[in-house]
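Below: the structure, in structure tokens.
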Amino acid sequence: MLGGKDFDEMTSFLGVYGFSQILIIVLLTLSAVVCGYTGMIVVFVSDTPEHHCKVSINSTRTDVEVPFHELSKWIGPNSCSRYKLNPNWTETARPSNDTEQCLDGWVFSTERYSATIVSEWDLVCDNAWKVPFSSSMYFVGVLIGCIMSGQLSDRFGRRPAFFFTMALLTVTPLVQASSVNWVMFCIINALRGLGFSNYVGSIVLGSEMLSQPARMNFALLGHSLGFGVGYALLPLVAYFIRGWRMLLVASAIPGFLFIPTWWVIPESPRWLLQKGRVEEAELVIRVAAKRNRVPAPEVIFRADEYLELMQQTYTYLDLIRTPNIRNITILSVLIWMSTAMVYNGLSLNTSNMNGDVYLNCFISAAIDIVVYGANWLLVDHVPRPVIIFSSLTFSGILLLTIKLVPDDMHVMLQVLALMGKIGVSATYGLVFLFFTELIPTVVRSMGFGIASTAAHVGTIICPYVIYMGVYSKILPYIVFGTISIMAAAVTMLLPDTRNSKLPELIRQAKPIRGCCHRTQPQPPGEEPDFEANVT
């Protein structure tokens, strides 16, 4: 409620699903498709193909017609060592049982990929640590991007931040595709990660421009499904483009299509009002009314009602200044970190599962799409915290159950892992809408920036949790299952936000369950805060 009046009521003459709202939903959903594709591209770019040591340069044997896996057994006991050449070795004799390191490098199978960064720069054996490190560098970039974009978005506007991050998503893959070594790849990977904050920026921008019913459908059916569709398109594109460089180039192409939308997507009127730019906010609403072919009132917003907001600036300290917003900030950090770590961990681990990596990745994406649709059906009928609690608990139990399955039951392990992803996908698709409704407009981008930062601290760690699977395949699932259960426990502290209007000011933040804070004194002319009773 800015200036003592409700934004949704003042703009209700626009309707819920006019041409203007549908246009915003479609364009921002398409931006989520780009994020879904680029966010999971590491599954194929950094996958490790089958490999074995190169035959000694002193050997005359080639075995060009021998199947790759059979040749691997003949050359050495494993992919990181080879049998030493026996001086008395003949074409039919086997080398000695003594082994040595792969002194002449490795040969990588091209059955699945023509090239990945692993095969191009020999990131195996002693250099295998560089693979999860390169993935973590991407998530370091995402982390930094969330901090920067949140501050930029609140200071300069949602729209400039959205297009700046979209430009990063477009340009950096082209530069990264020309990487000449692993170090350059990692540096550009971090820069590419900066652009992923576009995903958070687009949902904030869209949510602030839509009324409550449209906002919910945009977040669950539009934005989340857009991400799932982009994720599903990735294995389809990767199936036909087997080289990592061209796969990155393909990810940059959709970004160029967004250039004309600079003249179509407006600034958030809520943000403009919060900055006291009343005339610009009114112009945005009048353009929307013209597109919807509905008459607009002569005066939509009164400038004198926003003088207080014009004189006030907000910083990250405001996210912990009062008990209500502080509790929401702390819980958002815990829940987002856990959800992102488990979701991205299970998604990135598809290349390590048995079976075809393209099919596994597509099934993983299809699960997301189905779950996002289920969220949309439930969200109006079930409290948000209950949905998240049930989803994370379901995920945690299934992932911990994997410990009880024998190692040789590969199909059962795969089914449990994919079913475990159902629960965390449901949470991942809902937290963006949920915390949009919990964090006030004046600090929403900064709040999302802090939550996303925490999320990507967890995501930075998850490649190393996955790498633990080298020593024990079930260990990553135990870690992810435990984290899911812990996150589920704290979720029930959050208040429900069904049928609630977006909070605009910090004093309108809701209390968590079990807390009761006295209502703060109201400035003259302002409507009362949300009730500060136990929800």
Side-chain angles (χ1 to χ4, degrees), residues 1-3 5-8 10-14 18-32 145 148-169 195 197-211 214-215 218-219 222-223 255 258-292 296-297 299-303 305-307 309-310 312-314 432 436 439-449 502-505:
M1 300 176 191
L2 288 168
K5 292 187 177 181
D6 180 70
F7 178 87
D8 288 339
M10 288 186 287
T11 58
S12 60
F13 64 89
L14 291 175
F19 177 78
S20 177
Q21 291 97 326
I22 292 175
L23 183 65
I24 294 300
I25 290 172
V26 170
L27 292 178
L28 296 182
T29 294
L30 290 175
S31 74
M148 289 176 53
S149 66
Q151 187 69 44
L152 292 173
S153 180
D154 277 333
R155 177 167 296 185
F156 300 107
R158 313 315 198 204
R159 182 169 168 264
F162 171 81
F163 282 100
F164 174 70
T165 51
M166 179 59 72
L168 284 175
L169 282 178
S197 56
N198 178 270
Y199 184 69
V200 176
S202 61
I203 195 169
V204 171
L205 178 58
S207 296
E208 292 186 355
M209 297 176 66
L210 301 169
S211 59
R215 180 172 66 245
F218 161 67
H223 201 260
F258 271 84
I259 294 176
T261 64
W262 172 265
W263 293 275
V264 179
I265 298 177
E267 181 57 87
S268 163
R270 291 179 187 264
W271 178 84
L272 290 169
L273 290 174
Q274 184 256 317
K275 292 297 181 181
R277 293 158 62 174
V278 180
E279 291 183 1
E280 294 177 57
E282 189 158 308
L283 179 61
V284 170
I285 300 301
R286 292 193 182 281
V287 170
K290 186 176 180 180
R291 288 174 177 169
N292 289 359
V299 177
I300 303 174
F301 308 113
R302 298 181 65 89
E305 295 177 345
Y306 300 91
L307 292 177
L309 293 177
M310 293 173 65
Q312 189 164 1
T313 58
Y314 294 88
F432 291 94
T436 296
I439 303 174
T441 297
V442 293
V443 290
R444 185 169 292 122
S445 282
M446 286 188 285
F448 266 66
L502 286 183
E504 305 290 354
L505 304 173

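Remember, predicted model here, so these are calculated numbers, not experimental data. The figures that follow rest on heavy atoms only: side chains count, while hydrogens, waters and symmetry mates do not.
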Flag, side chain of S202 to backbone of Y199, donor-acceptor distance under 3.5 Å:
yes

Rounded to the nearest 0.5 Å, how far does CG of L210 lie from CZ of R270?
9.0 Å

May I ask you to decide if P297's main-chain N or O and R286's side chain share a donor-acceptor pair within less than 3.5 Å?
yes

Do L205 and W271 have side chains that approach each other closer than 4.5 Å (heavy atoms only, starting at C-beta)?
no

Are L168 and N198 side-chain neighbours, meaning at least one heavy-atom pair lies under 4.5 Å?
no

Which distance, rounded to the nearest 0.5 Å, do you find between the OG of S268 and the CD of E208?
4.0 Å

Hey, what do you get for OG (S197) to CZ (F162), rounding to the nearest 0.5 Å?
11.0 Å

How long is the gap from CZ on F218 to CD1 on I203, to the nearest 0.5 Å?
5.5 Å

Quick one: are P266 and I24 in side-chain contact, heavy atoms under 4.5 Å?
yes

What distance separates T261 OG1 from L27 CG, expressed to the nearest 0.5 Å?
6.0 Å

Heavy-atom closest contact (P269 atom, A281 atom, distance):
O-CB, 3.8 Å

I need the minimum non-hydrogen distance between S31 and L28, along with the two atoms involved.
OG-O, 2.6 Å

Counting heavy atoms not belonging to F19, are there more than 12 under 6.0 Å from its CZ?
no

Any side-chain heavy atom of E267 sitting closer than 4.5 Å to one from P160?
yes

Quick check against the 3.5 Å criterion: does R159 have a side-chain atom that pairs as donor or acceptor with the backbone of W262?
yes

Could you walk me through whether F258 and L30 pass the side-chain contact (heavy atoms from CB on, under 4.5 Å) test, one step at a time?
CA-CA 9 Å; F258 271 84; L30 290 175; 3.8 Å; yes

Euclidean distance, I25 CD1 relative to R215 CZ, rounded to 0.5 Å:
11.5 Å

Is it the case that more than 12 heavy atoms not belonging to F164 sit under 6.0 Å from its CZ atom?
no

